[in-house]
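One structure is given here, and the rest of the page talks about it.
Residue numbers start from 1 in every chain, and the chains themselves are labelled A, B, ... in the order their sequence lines are given, proteins ahead of strands. These figures come from a predicted structure and were not determined experimentally.
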Amino acid sequence: DAKTTQPNSMESNEEEPVHLPCNHSTISGTDYIHWYRQLPSQGPEYVIHGLTSNVNNRMASLAIAEDRKSSTLILHRATLRDAAVYYCILTRFNKFYFGSGTKLNVKP
Amino acid sequence: DAGITQSPRYKITETGRQVTLMCHQTWSHSYMFWYRQDLGHGLRLIYYSAAADITDKGEVPDGYVVSRSKTENFPLTLESATRSQTSVYFCATRGANTGELFFGEGSRLTVL
């Protein structure tokens, strides 16, 4: 199964950009890169996903390395509500495998 | 209309008892998934279903049984609950043409 590696935790200041890294050196050509986040006591929620090109949506941006072995989730301006666990996931054949994620702490 | 609902939200049972966690969706999404999340850990895939009557194992299927006779329902059964199955269980759906998973609120199961 495709694996991802993320730092256990990161800290950011409110209203500053946050770059959450993810390594996925075993990615195959058909694997999509997904990001989800989980707020305390809630189910995960979708943030963004991509295949090869960088992606932007209202929540975040996804920067994918040219060799696709790593990616970075960018929150352009962190708020206190962005404090959550962020999961980087590779999807293959419609299976979504979550790792342990990065716990993001946002300081006021 | 909640889209995806799980029941019960909280359940306490004893070792050896059978427990069924229900998952119901109103979107007619093709794919449905069951995950478990243990304290301080990420989610692990138990089973998933690509359509009615089509199911497949995930990472940790042992001790669990699923069925999907109707598109909208995907029950997860623990035939003989063990303490190691104490966890929070999340159901999720995904449309055939969408990239994202939609999660329920979770079912917290405690096995004594």
Side-chain angles (χ1 to χ4, degrees), chain A residues 1-9 20 22-24 30-60 62 64 71 73 84-105, chain B residues 2-7 9-10 21 23-25 27 29-51 54-61 66 68 74 76 87-108:
Chain A
D1 299 326
K3 299 293 185 187
T4 62
T5 304
Q6 300 176 252
N8 289 333
S9 63
L20 297 165
C22 181
N23 288 319
H24 28 79
T30 56
D31 289 345
Y32 279 81
I33 303 161
H34 283 242
W35 284 82
Y36 283 74
R37 72 180 187 181
Q38 187 174 23
L39 301 171
S41 301
Q42 294 187 22
E45 64 174 351
Y46 170 81
V47 177
I48 201 166
H49 79 282
L51 184 61
T52 56
S53 302
N54 294 344
V55 184
N56 299 297
N57 67 20
R58 64 175 179 80
M59 288 182 71
L62 175 60
I64 301 173
S71 62
L73 177 71
V85 178
Y86 287 79
Y87 296 99
C88 169
I89 305 154
L90 300 184
T91 64
R92 182 179 295 174
F93 304 122
N94 292 305
K95 290 186 180 181
F96 290 65
Y97 292 103
F98 287 71
S100 298
T102 296
K103 184 173 184 180
L104 176 65
N105 182 35
Chain B
I4 177 169
T5 55
Q6 294 185 230
S7 62
R9 293 289 314 282
Y10 302 91
L21 305 179
C23 180
H24 174 79
Q25 56 137 336
W27 295 307
H29 282 173
S30 301
Y31 295 96
M32 297 187 76
F33 306 80
W34 274 108
Y35 288 88
R36 62 175 287 175
Q37 185 172 35
D38 301 310
L39 191 64
H41 291 83
L43 287 83
R44 290 184 290 172
L45 180 64
I46 304 171
Y47 269 96
Y48 77 105
S49 169
I54 301 174
T55 62
D56 202 357
K57 296 178 180 179
E59 303 170 88
V60 289
V66 293
R68 196 170 175 203
F74 190 37
L76 176 74
S87 189
V88 180
Y89 291 84
F90 288 99
C91 178
T93 71
R94 177 178 178 234
N97 297 317
T98 63
E100 62 188 280
L101 292 176
F102 296 90
F103 282 84
E105 294 182 323
S107 295
R108 183 178 295 274

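Both the backbone and the side chain of B:L43 come within contact range of chain A, each with at least one heavy atom under 4.5 Å from a heavy atom of that chain. In this structure, the portion of A:Y36 lying under 4.5 Å from any heavy atom of chain B is its side chain and not its backbone. At a 4.5 Å heavy-atom cutoff, the contact between A:Y87 and chain B is made by side-chain atoms alone.
Contact between B:F90 and A:G43 at its shortest, heavy atoms only, is CE2-CA, 3.3 Å. Closest heavy-atom contact between B:L101 and A:Y46: O-CB, 4.3 Å.
Interface check for chain B: of the options A:Q38, A:Q42, A:E45, the most heavy-atom pairs under 4.5 Å are formed by A:Q38. Most heavy-atom pairs under 4.5 Å with chain A: of the set B:E105, B:Q37, B:R108, this distinction falls to B:Q37.
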Show your working on side-chain contact (heavy atoms from CB on, under 4.5 Å) between B:Y35 and A:F96 and close with a plain yes or no.
-> CA-CA 10 Å; B:Y35 288 88; A:F96 290 65; 3.1 Å; yes

